[in-house]
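What follows is one structure encoded as structure tokens, with my remarks underneath.
So that the names make sense, note that chain A is the first sequence line, chain B the second, and so on, each numbered from 1. Note: hydrogens, waters and symmetry copies are ignored here, and every other heavy atom, side chains too, is used. Not measured: the values here are computed from a predicted model.
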Amino acid sequence: MLQVEKLTKTYPSEDGQQTVLRNVSLALAAGESLALTGESGSGKSTLLTLVAGLDQPDQGAIRFQNHDLTQMDDAGRADLRRGEIGVIFQQFNLIPSLDVAANIAFHARLAERADAAWCAALATRLGLEAHLARYPEQLSGGQQQRVAIARTLAARPKLVLADEPTGNLDEDSSDTVLDLLMSGVRETGAALLMVTHSLRQADKLDRRLHLSHGQVSG
Amino acid sequence: MKRAAFSALISHWRKHPIQLVSLLLGLALATALWSGVQAINAEARASYDRAAGVLGQDELQRLEPRAGTISLAQYVAIRRAGWLASPVMDGAINLNGTRARLIGIDPLSTPPQSSPVDLSGDGDLQAFVLDGLLFAHPETAAQIPATLPPVRVTDTLTPGLIITDLSTASDLLQTDSFARLILAPQQSVNLRPLSELAPDLLLIAPEEGNDIARLTDSFHLNLTAFGLLSFGVGLFIVHAAIGLAFEQRRPLFRTLRALGLRKSTLLTLLATELFALAVIAGTLGVALGYLVAAALLPDVAATLRGLYGAQVSGALTLNPAWWLSGLAIALLGTAVAGAQSLWRTANLPILAPAQPRAWAIASLKSLKRQALVGAGLIALSAVLAGYGSGLTTGFVLLGCLLVGAALTLPLFLHVALNFASKFSHTALSDWTLADTRQQVPGLSLALMALLLAMAANIGVGTMVSSFRVTFTGWLDQRLAAQLYVTARDQAEATDLARLLDGEVDALLPIRYIEAQIEGAPGQIYGIIDDITYRENWPLLAAQPDVWNRLAAGDGALVNEQLALREGLDPGDPVTLGTAQFTVLGVYSDYGNPRGEAIVSLDQLGAKGAPIQGFNFALRLPETRVDEVTNLLTTAGLPARNIRDQAAIKAFSLDVFERTFTVTGALNVLTLGVAALALLTSLLTLSTMRLPQLAPVWAMGLTRAKLARLELLRAIILAALTALIALPVGLALAWVLLAIVNVEAFGWRLPMTLFPSDWIGLFIAALIAAALSAAWPARRLATRPAADLIKVFAHER
Ligand SMILES: Nc1ncnc2c1ncn2[C@@H]1O[C@H](COP(=O)(O)OP(=O)(O)OP(=O)(O)O)[C@@H](O)[C@H]1O
Ligand SMILES: [Mg+2]
């Protein structure tokens with residue numbers, strides 16, 4: 001379903017160009033989950049944003065459901081994100097001006113597949129039903145991440161991209177949140193690409209890919 | 001430590017140049033508009049003082065020739081008879097292409113109160129007589145060629161006037177006869193009457209000294225009020241810019257404090273920074289203000305001349321006091337605008353959270369508090385409208401109304417957006433409205449400025465247009481006669497009446513005397529009964545059968561100014577001169593600052609006071625106007641004593657238009673300042689708004705689409721603001737028409753509404769909002785994706 005081929009990305013830096021990703025390839029089947037690990041600065045987040053179509057690579061192709069993201073314009077990639085891809089970052093995922101309930105339903109409504117019952121079920125499953133009328137900054141970090149997960153799952157995307165979704169949380173809540181994410185993803189049949197620093201977490205996913213200095217190793 | 005801390009604080013401006021520019025520009029504009037108006041006022045006052053010197057001549061009785069000049073022999077005859085008379089030469093000379101008026105006086109015989117120049121210094125008199133000194137205003141002096149006698153510069157004379165000794169004047173004007181003789185107030189008794197001595201000379205009565213400064217006070221107050229409004233609008237920008245700069249530097253304050261900087265030191269550094277900014281912007285503003293004043297002064301001068309006969313120089317002189325006061329107001333404005341931010345910083349807990357939404361929630365409470373204060377102010381203005389009196393009260397009322405409305409605006413916007421979201425059914429419109437609501441606190445100052453500017457625009461526009469409609473209608477009605485002729489004395493009046501008999505359809509004699517009316521100087525007119533008055537005179541209120549009763553000598557008509565000032569209604573008694581009359585009616589008399597009354601001609605004659613004016617209104621077919629004019633001039637009447645209807649109308653309308661050119665210009669400037677406030681606020685907010693936008697972008701909205709929504713948001717806010725500006729503007733118009741004008745000028749005008757003007761302004765406001773949002777929106781549309789991605793990666 002997702003094929004990333006020979007992706008290269010450079011950023012301009014003080015001393016010329018800095019190559020962050022070099023000939024990175026990977027593949028992901030529908031319903032499969034893949035953990036992306038690597039030391040800090042190895043290019044994990046960069047890879048994720050490219051797959052999400054948030055930015056464009058310098059070379060290579062990203063094929064998702066027969067589309068090549070690198071050949072699409074900004075609007076086309078935005079459409080794809082709106083309809084098929086859910087992205088969860090480490091923090092600041094939520095829309096500060098909307099309350100929890102509206103945040104959860106937001107992506108699904110954008111994708112025009114809002115389902116009130118499904119949203120309510122997700123809220124309950126993620127333990128958010130008491131906080132539906134609150135605003136993001138009135139929630140703890142873990143609660144905020146659970147809202148972000150609920151929002152992503154509510155939209156029923158084909159691909160979920162998560163960049164250290166539990167990076168800001170302590171070990172216990174981190175495990176809870178990840179379990180909730182995994183079971184949700186499994187239930188909706190979505191594929192999952194997740195960046196993580198924790199090998200323990202990586203082991204819970206189907207496969208693991210290690211990035212080192214912008215290259216895949218093992 | 002201090003130096004390091006200060007440079008850390010200042011580095012903020014390097015990173016946020018737009019904020020710096022908007023702060024400086026806002027303050028400079030505010031100072032400019034304020035000090036420009038002050039400069040105009042100061043220049044006008046200086047001109048009044050100068051004018052008082054020359055007008056002194058008109059305050060004495062004088063003899064003028066019926067035609068031509070007064071010969072030396074005639075003057076000698078009058079002096080020999082024992083009359084204390086001082087000769088005056090008066091003519092025009094050419095100074096390199098421009099004309100100046102040259103007046104020659106005899107310093108020895110001129111009555112002291114009428115001397116236009118001060119010769120009391122040592123040797124002054126000698127120099128004046130022997131060297132043939134020319135006295136002139138600096139402006140005029142600069143044009144006098146070196147071939148003429150030496151010049152002494154004095155700013156007590158009006159520009160365009162040169163005063164010199166008789167012998168010099170005689171040389172320059174190449175004449176040895178006089179334009180007039182000024183009579184000393186004290187004369188010996190039992191002199192041979194002048195009518196025998198010099199039957200061909202006219203004895204002109206002294207003119208009532210109208211105190212120009214008093215008359216023009218209201219005009220200047222109006223200007224000052226406008227200057228203050230513009231200053232206030234400008235301060236909104238300054239306040240917003242300072243507020244943002246402080247808000248954004250909170251983490252820095254925290255760090256500095258954590259590193260051991262004392263709170264008092266921090267506050268001192270911040271105050272020093274504000275002081276420096278105020279000095280820079282103030283200097284800039286005063287310079288700009290000079291330009292504004294120089295641009296507006298010619299129109300102001302024309303207005304003052306037309307409306308009050310006051311001569312005001314069209315050129316601006318600079319004085320240091322004005323520079324200093326401009327700087328002072330800039331400092332004061334900065335202090336006012338920065339006080340809140342400094343106070344907040346002083347009370348900031350070191351570890352205060354800086355979350356945007358928390359800020360919004362906290363400010364919903366403060367929005368309500370603000371709106372409550374605003375409602376209180378509006379209520380106060382209503383009370384003042386009902387019970388207050390006086391011009392100052394009028395302006396206080398205006399202030400309360402405008403500030404009150406501005407304070408309620410944010411809550412109104414909040415509620416309106418809440419209401420609108422009830423009808424929103426898509427995720428996008430939900431979010432757009434919620435997000436707009438969240439932006440309200442950040443934009444509220446700029447929107448308040450927009451509200452004030454728009455309300456002022458509607459208010460002043462409605463006033464001016466109402467005035468224009470009323471005034472032109474009134475002119476058409478009142479100027480029913482085709483020609484207005486002024487005879488210079490009784491004898492000439494009799495001659496003219498004989499001459500015109502049979503030449504015109506109606507010959508309406510109008511006489512007037514200067515007299516005390518209810519204790520203040522005014523004019524009483526005497527008219528004959530005629531259909532012209534019955535059909536055309538603009539009566540505002542009258543008793544039944546008013547014209548018959550006026551003709552029968554049953555009472556008097558009074559003008560609106562007098563009626564309002566003295567609280568007169570038809571049927572009330574009024575004291576004209578020494579006699580009591582009944583008020584039969586009240587007529588509108590726009591453009592006249594003084595009280596005036598009309599009685600029948602017979603009664604005016606019976607009053608025994610010397611008649612000052614011998615006027616005729618002539619009704620005749622339009623086609624014969626030139627012919628009759630020729631007839632009159634051939635008979636020896638100077639052309640300036642004959643005025644036709646069209647000329648008077650054109651003149652009056654011109655005065656009218658110029659009066660409001662200044663207000664119009666200030667109006668446009670104020671609107672411009674408001675648009676600038678919106679632009680700078682949107683620009684500064686645009687960087688802070690990325691966290692709001694990034695999640696939505698990640699969920700599949702393009703930057704272009706987000707930018708279009710930003711544009712839409714600004715337009716929605718401007719439209720809502722315009723919605724509330726309309727009632728506020730109409731209330732403002734009502735206050736101006738029904739309270740301020742009545743107090744300032746003495747007339748009340750019916751309010752006329754011009755919805756098409758509102759639509760124009762509404763569209764202008766939307767365009768202004770769109771334009772000010774266009775730049776930040778463009779920046780968003782072309783923003784690198786990395787900027788938005790950073791939102792998720794960075795600790796905030
Ligand atoms: N917008 C940018 N401009 C320039 N360089 C960038 C930009 N974004 C990332 N980089 C650089 O690219 C490299 C990879 O960054 P990336 O965020 O992908 O690393 P990461 O593997 O996600 O690290 P971490 O585990 O710390 O999140 C880093 O060296 C970073 O400095
Ligand atoms: Mg990362």
Side-chain angles (χ1 to χ4, degrees), chain A residues 9 11-12 45-46 48-50 52-56 73-99 101-103 105-112 114 134-139 147-148 151-152 155 157 161 163-165 167-168, chain B residues 353-362 364 417 421 424-442 688-708 713 781-796:
Chain A
K9 176 74 180 171
Y11 282 122
S45 299
T46 304
L48 204 80
T49 53
L50 294 180
L54 292 170
D55 208 352
Q56 286 282 58
D73 64 356
D74 195 43
R77 285 180 281 129
D79 287 347
L80 207 59
R81 271 203 308 283
R82 199 162 60 230
E84 315 290 345
I85 302 174
V87 192
I88 305 169
F89 293 99
Q90 188 173 336
Q91 52 189 348
F92 309 121
N93 290 290
L94 305 183
I95 297 169
S97 52
L98 297 179
D99 64 16
N103 260 294
F106 192 75
H107 197 171
R109 292 179 69 195
L110 277 185
E112 288 174 3
R134 293 204 186 178
Y135 282 87
E137 86 279 354
Q138 295 168 305
L139 301 179
V147 176
R151 182 187 66 195
T152 302
L161 301 170
D163 190 354
E164 302 185 51
N168 264 0
Chain B
Q355 291 249 36
R357 171 70 208 176
W359 184 46
I361 291 177
L364 177 58
L417 290 167
S421 59
S424 145
H425 290 300
T426 70
L428 213 53
S429 58
D430 277 2
W431 170 71
T432 305
L433 287 169
D435 198 51
T436 310
R437 202 166 53 222
Q438 196 175 33
Q439 255 187 302
V440 166
M688 299 171 72
R689 279 179 50 67
L690 284 185
Q692 263 94 344
L693 301 175
V696 187
W697 170 73
M699 276 182 276
L701 247 63
T702 59
R703 278 159 282 177
K705 173 108 193 198
L706 287 173
R708 278 199 298 279
R713 235 189 291 272
T782 56
R783 226 179 171 101
D787 283 5
L788 286 152
I789 294 171
K790 259 185 218 148
V791 168
F792 303 110
H794 280 222
E795 158 82 86
R796 269 178 287 136

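Interface remark: Ala52(A) contributes no atoms to any contact with chain B (heavy atom separation under 4.5 Å). Looking at Thr49(A), only its side chain comes within 4.5 Å of chain B, counting heavy atoms on both sides. With a threshold of 4.5 angstrom between heavy atoms, Leu94(A) approaches chain B through N, CA, C or O but not through any side-chain atom.
In terms of heavy-atom pairs under 4.5 angstrom with chain A, the leader among Ala786(B), Pro784(B), Pro695(B) is Pro695(B). In terms of non-hydrogen atom pairs under 4.5 Å with chain B, the most contact-rich of Leu110(A), Ile85(A), Val87(A) is Leu110(A). Of the residues considered (Asp163(A), Asn93(A), Asp74(A)), Asp74(A) shows the highest number of contacts with chain B, using heavy-atom pairs under 4.5 Å. The choice from Ala785(B), Ala704(B), Ala694(B) that makes the most heavy-atom pairs within less than 4.5 Å of chain A is Ala785(B).
Looking at heavy atoms from C-beta onward, Asp430(B) lies out of side-chain contact with Phe106(A) at the 4.5 angstrom threshold. A 4.5 Å side-chain heavy-atom check between Met699(B) and Arg151(A) finds at least one atom pair inside the cut-off. At a threshold of 4.5 Å between non-hydrogen side-chain atoms, the residues Leu701(B) and Leu428(B) count as touching.
A salt bridge (Lys or Arg N to Asp or Glu O under 4.0 Å) with Asp79(A) is found for one member of Arg81(A), Arg82(A), Arg77(A) and no other, namely Arg82(A).
Legend: residues meeting side-chain hydrogen bond (donor to acceptor under 3.5 Å, both in side chains) with Gln90(A), ordered by chain and number and at least two apart, are Asn168(A). With sequence neighbours left out, Ser429(B) forms a side-chain hydrogen bond (donor to acceptor under 3.5 Å, both in side chains) with Ser424(B), Thr426(B).
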